[in-house]
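See structure below.
A note on names: the letters A, B, ... follow the listed sequences, proteins ahead of strands, and every chain is numbered from 1.
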Amino acid sequence: MPVVTRFAPSPTGFLHIGGARTALYNWLFAQHHARHGDGGTFLLRIEDTDRARSTQAAVDAIYDGLSWLGLDWDGDAISQFERADQHRAAAERLLAEGKAYKCYCSPDELSAMREAARAEGRKRMYDGTWRDRDPSEAPAGVDPVIRLKAPQDGETVIEDLVQGRVTVANEQLDDMVLLRADGTPTYMLAVVVDDHDMGVTHVIRGDDHLTNAFRQTQLYLALGWETPVFAHIPLIHGADGAKMSKRHGALGVETYRDDGFLPEALCNYLLRLGWSHGDDEIISTEQAIEWFGLDSVGKSPARFDLAKLTNLNGHYIREADDGRLVDLVMERLEQAHPGKLAKEARDRLFKGMAGLKERAKTISELTENSSFYAIQRPIEMTEKAAGHLGPEGSALLRDLRPVFADAESWSDEALMAAAKNFAEAGGIKLGAVAQPVRAALTGNTVSPSVFEIMDVLGREETLGRIDDALGGP
RNA sequence: GUCCCCAUCGUCUAGCCCGGCCUAGGACACCUCCCUUUCACGGAGGAGACAGGGGUUCGAAUCCCCUUGGGGACGCCA
């Protein structure tokens, strides 16, 4: 049977890390069935019924976030707000069938009930005042809400693919509001009607919705519809163990992009946060699509660990195509050093990328480590680097300059051979020779191999930088 | 408070469903060493966990119960 999943965020902010994982699981599940099953579709629905809190900017942030992660959805995104008529129709049908009723309770009465319920240690808040009351007793001039006439005995059961069978006594659940006094549908109603109309077969979402699933199941039953399969995945917690939410540590995916993380690294990390396939850690998207299933999703919440994400990111950077990395780095360099980049910047980065990418765990770090290639001379010198160019270092560098200048061929190997000879002749270590050169060439104490750098920079630029460090030719 | 869910190294997890192969495996982080022109990468090794208590059983990380701890939900928000 073909599978239909959906991701249904509310556009009240950015696409945060928890939402991204939910989207990923839904996408993966659909992809898995599309490629290895009877078909799979992944839909996107924007839950924008709360007009006051929904913004177009947030909707765009969700689109951008999903697109960046590579989680493409089928068809156009659906606006829940625009489907209000269908929601209303469902509620009215229930009303006509006697499965729902009008409730005229005022907000004051409701909060009194809520208080009473808490005081008595009950969960059920609404006492059903208008459930069986004669409509003729309705107070004049009060717009009623429509409530579901939910079963009061027995229990509601959901067979959750992640949580297993979960049961709750119906007496714990009160008659939920379907339509507000102003006639607009509530979330509970909208979700059920939309999921049904969209043909959603599997509802994969955060387990903060687990209790909603009970109410929704009652609604499906009342509407005479088959319930979808539920899969409530555990939430992601912050590094401190507290829940991660928009107000507590959860960052938008664009923040990770800005901090220099690759989408494939984030996806791989998010995938492993709560799902596993034996001891596998590095999992490609293709592999994930093949392997992903809801039965391997864990039931306990996981903490977000930036160190592991960073490590994974380093791996994907090393694997990444040089050209792609150059584009990413150039964009940042142009921003950071406007007008200061050498014309040869891009070419040098491309030539030097193999040595560069081994040493960076984020694109931000890669950019920083790459800047010495891109910036025009004279380059700036860090304090530590300057330390290698004291009297001793400078003297060494001065003696070394002609060795390089006279090198037979300007290649990595030839240059290193020349430096080695020089070091041996002087009875010093290669390392002692390399550091002043590194300082002169990069303005830093850490970099790829100095001979590789000389190769990339070329003869003229290299000697120029040495001269700069020596205070002139 | 009430209801629901969860519980293996610091973190993510394998193992649990179908008890013995577990003196509990892997990954990240950490420590030591090797490689080495710096830093990374890579390689070798180390430290590090079945929350506690009861059962069931010849035998429990694995099954049952309780306790404790954590989380989530209790809106005319989504």
Are A/Phe29 and A/Phe42, when compared by the centres of their aromatic rings, separated by less than 6.0 Å? no
In whole angstrom, give the distance that lies between atom CG of A/Asn212 and atom C1' of B/C74. 10 Å
Ionic contact status for A/Arg318 with A/Glu358, cut-off 4.0 Å: no
Which nucleotide sits closest to the side chain of A/Ala434: B/C76, B/U37, B/G10? B/U37
Which part of the nucleic acid, if any, lies within contact of A/Ala307, taking any heavy atom under 4.0 Å across all strands shown: a base, the sugar-phosphate backbone alone, or nothing? sugar-phosphate
Are any of A/Thr211's side-chain N or O atoms less than 4.0 Å away from OP1 or OP2 of B/C4? no
B/A29 phosphate, OP1 or OP2, under 4.0 Å from A/Asn311 side-chain N/O: yes
Across the strands shown, which category fits A/His209 at heavy-atom distances under 4.0 angstrom: base, sugar-phosphate, nothing? base
Between B/U37, B/C6, B/C12, spot the one nearest the side chain of A/Ala302, thanks. B/C12
May I ask you to decide whether A/Arg45 forms a salt bridge with A/Asp195, counting only side-chain N to carboxylate O separations under 4.0 Å? yes
Spacing between A/Met353 atom CE and B/C41 atom P, to the nearest angstrom: 18 Å
Minimum-distance nucleotide to A/Met416 side chain [options: B/U37, B/U2, B/A78]: B/U37
Once you apply a heavy-atom cut-off of 4.0 Å, does A/Thr167 come out as touching a base, just sugar-phosphate, or nothing? sugar-phosphate
Take atom NE2 of A/His315 and atom C1' of B/A29, then tell me their distance rounded to the nearest Å. 18 Å
Looking at A/Asp322 and A/Lys357, is there a salt bridge between them, counting it only when a charged N and a carboxylate O are closer than 4.0 Å? yes
Does a distance-only test, which skips hydrogens and angles, find a donor-acceptor pair under 3.5 Å between the side chain of A/Arg272 and the base of B/U11? no
Output the single nucleotide from B/U37, B/C6, B/C39 whose closest atom is nearest the side chain of A/Arg438. B/U37
Would you mind reading off the distance between A/Leu309 atom CG and B/A29 atom P, rounded to a whole angstrom? 12 Å
Just compare B/U37, B/C6, B/C76 and give me whichever is closest to any side-chain atom of A/Leu110. B/C76
Could you please name the option among B/U13, B/U37, B/C12 that lies closest to any side-chain atom of A/Ser276? B/U13
So which nucleotide from B/C3, B/C12, B/U37 ends up closest to the side chain of A/Gln172? B/C3
From the set B/C6, B/A27, B/C4, return the single nucleotide nearest to any side-chain atom of A/Val168. B/C4
What integer number of Å spans the C1' atoms of B/C22 and B/U8? 12 Å
Whole angstroms only, please: what is the CG-P distance between A/Leu441 and B/C39? 18 Å
If you look at every strand shown and take non-hydrogen atoms under 4.0 Å, does A/Tyr269 touch a base, only sugar-phosphate, or nothing? nothing
One thing to verify: whether A/Arg465 and A/Asp468 come together as a salt bridge, which I'm taking to mean a side-chain N less than 4.0 angstrom from a carboxylate O. no
With sugar-phosphate meaning primed atoms plus P, OP1 and OP2, does A/Glu47 contact a base, only sugar-phosphate, or nothing at under 4.0 Å between heavy atoms? sugar-phosphate
Residues A/Glu264 and A/Arg324 bridged, charged N to O under 4.0 Å: yes
Would you call A/Arg6 and A/Asp194 a salt bridge, using N to O less than 4.0 angstrom? no
Please report the distance separating the C1' of B/U13 from the corresponding atom of B/A29, rounded so that it comes out in whole Å. 15 Å
Output the rounded distance in Å from CD (A/Glu159) to P (B/C5). 12 Å
Would you state whether a donor and an acceptor, one from the side chain of A/Lys308 and one from the base of B/A29, lie under 3.5 Å apart? no
Identified pairing partner of B/U57, criterion: Watson-Crick or G-U wobble below 3.5 Å: none
Can you measure A/Asn313 atom CG to B/C12 atom P for me and round it to whole angstrom units? 20 Å
Reading nucleotides 42-53 of chain B from the 5' end, what letters show protein touch, with B for base, S for backbone sugar-phosphate only, - for no heavy atom under 4.0 Å? S-----------
Indicate yes or no: does A/Asp174 engage A/Arg215 in a salt bridge with an N to O separation below 4.0 Å. yes
If pairing requires Watson-Crick or G-U wobble contacts with both distances under 3.5 Å, which nucleotide is the partner of B/C3? B/G72
RNA chain B: A/Val166 or A/Arg53, which has the more 5' nearest nucleotide? A/Val166
Distance in angstrom units between A/Arg147 CZ and B/C76 P, rounded: 6 Å
Is there a donor on the side chain of A/Ser449 or the base of B/U37 sitting less than 3.5 Å from an acceptor on the other? yes
Enumerate the residue pairs fulfilling side-chain hydrogen bond (donor to acceptor under 3.5 Å, both in side chains) with a member in residues 436-457 of chain A, sequence neighbours excluded, ordered by first and then second residue. A/Gln435-A/Arg438, A/Arg438-A/Ser447
Tell me which nucleotide, if any, is Watson-Crick or G-U wobble paired with B/G48 when both distances must be under 3.5 Å. none
From the candidates B/U13, B/C76, B/A78, the one with an atom nearest any side-chain atom of A/Arg114 is B/C76
With rounding to the closest Å, how many angstrom separate the P atoms on B/C50 and B/U11? 12 Å
Using a strict threshold of under 4.0 Å (side-chain N to carboxylate O), is an ion pair present between A/Glu424 and A/Lys429? no
Whole-Å P distance, B/G45 and B/C64: 39 Å
Below the 4.0 Å mark, does B/G71 have OP1 or OP2 next to a side-chain nitrogen or oxygen of A/Lys299? no
The nucleotide from B/C41, B/U37, B/C5 with an atom nearest the side chain of A/Gln435 is B/U37
Given that A/Thr49 and A/Gly278 both sit by RNA chain B, which one's nearest nucleotide is further toward the 5' end? A/Gly278
With rounding to the closest Å, how many angstrom separate the P atoms on B/G43 and B/G48? 24 Å
Distance-only donor-acceptor test (3.5 Å): side chain A/Asp207, base B/G72: no
